[in-house]
Amino acid sequence: HVQLAESGGGSVQTGGSLRLSCAASGYIYSSYCMAWFRQAPGKEREGVASIDSDGSTKYADSVKDRFTISQDNDKSTLNLQMNSLNPEDTGRYYCAAEYLAYCSGGPPSASDFNYWGQGTQVTVSS
């Protein structure tokens, strides 16, 4: 099993930046997909970005060119660099992982993932 723990959330003003991290522990197979999701109050959980074991990345249209997903060299930490933040980016951000040969096409879908962190809150004020 994989354990995931997010950190790095906080409050920023419009146009600001935040960097989220997700520490992964436990057994990680050579083939996997890891992703970031977010959920605003009263809304469904939304896939933000994903990265698979060969480094291929995918993003939701709403965050393309603003957010960057990456992993540390030892693959134990997943990161999300968020720039040019706006109030629509407000929500609780979750890290997720699944043993997959590759991430599915397009932004990640919550139903594809069984391993989740507890989330970290991001609040963007205007």
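Using a 4.5 Å heavy-atom cutoff, the side chains of Thr14 and Val124 are in contact. Looking at heavy atoms from C-beta onward, Ile51 lies in side-chain contact with Gln71 at the 4.5 angstrom threshold. Ser56 places none of its side-chain heavy atoms less than 4.5 Å from the side chain of Tyr102. Residues Ser70 and Arg19 form a side-chain contact, since some pair of their non-hydrogen atoms from C-beta on lies under 4.5 Å apart. Within the 4.5 Å cutoff, the side chain of Ser21 has no heavy atoms near those of the Glu6 side chain. Residues Asp52 and Tyr32 are not in side-chain contact: their nearest non-hydrogen atoms beyond the backbone lie 4.5 Å or more apart. Between Tyr99 and Asn114, the closest side-chain pair of non-hydrogen atoms is not below 4.5 Å.
Grouping Ile, Leu, Val, Met, Phe, Trp and Tyr residues whose side-chain heavy atoms lie under 4.5 Å apart, directly or via other members, places Phe113 in a hydrophobic cluster with Phe37, Tyr94, Trp116.
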Problem - Leu85 vs Phe67, side chain to side chain contact (heavy atoms under 4.5 Å, CB included): CA-CA, chis, key distance, verdict - result: CA-CA 9 Å; Leu85 286 162; Phe67 290 12; 3.8 Å; yes
Exercise for the section: Under the side-chain hydrogen bond (donor to acceptor under 3.5 Å, both in side chains) rule, what do Asn83 and Ser17 come out as? Steps first, then yes or no, please. Expected result: CA-CA 4 Å; Asn83 300 327; Ser17 297; 3.0 Å; yes
Practice task
For side chain to side chain contact (heavy atoms under 4.5 Å, CB included), just list the numbers for Lys58 and Ser104, CA-CA rounded to whole Å, side-chain angles, deciding distance to a tenth of an Å, and then say yes or no.
Solution key: CA-CA 9 Å; Lys58 299 177 180 68; Ser104 61; over 6 Å; no
Handout entry: Trp36 and Leu78: CA distance, side-chain angles, deciding distance, side chain to side chain contact (heavy atoms under 4.5 Å, CB included) verdict
Key = CA-CA 9 Å; Trp36 286 99; Leu78 180 71; 3.4 Å; yes
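Contact record, Cys95 with Leu4: O-CD1, 3.7 Å, taken as the closest heavy-atom pair. Residues Arg92 and Gly119 share a closest heavy-atom pair of NH2-O, 2.9 Å. Shortest non-hydrogen contact noted between Pro107 and Gly47 is CB-O, 4.0 Å. Residues Val122 and Met82 come closest through the heavy atom pair CG2-CE, 3.9 Å.
The number of heavy-atom neighbours closer than 6.0 Å to CG of Asp54, taken from other residues, nucleotides and ligands shown, is above 12. Residue Gln81 places its CD atom among more than 12 non-hydrogen atoms of other residues, nucleotides or ligands, all under 6.0 Å distant.
A side chain to side chain contact (heavy atoms under 4.5 Å, CB included) with Asn79 is found for exactly one of Ile69, Leu20, Asp72, namely Asp72.
For the atom pair Leu100 CG and Met34 CE, the distance stands at 12.0 Å (nearest 0.5 Å). Expressed to the nearest 0.5 Å, how far OG of Ser126 lies from CG of Asn86 amounts to 10.5 Å. In this structure, CD on Gln121 lies 7.5 Å from OG on Ser11, to the nearest 0.5 angstrom.
Under a 3.5 Å cut-off, the side chain of Thr120 and the backbone N or O of Gly9 do form a donor-acceptor pair.
The salt bridge (Lys or Arg N to Asp or Glu O under 4.0 Å) search around Asp89 returns Arg38, Arg66, not counting sequence neighbours. Residues that satisfy the salt bridge (Lys or Arg N to Asp or Glu O under 4.0 Å) test with Asp61, not counting sequence neighbours, are Lys64.
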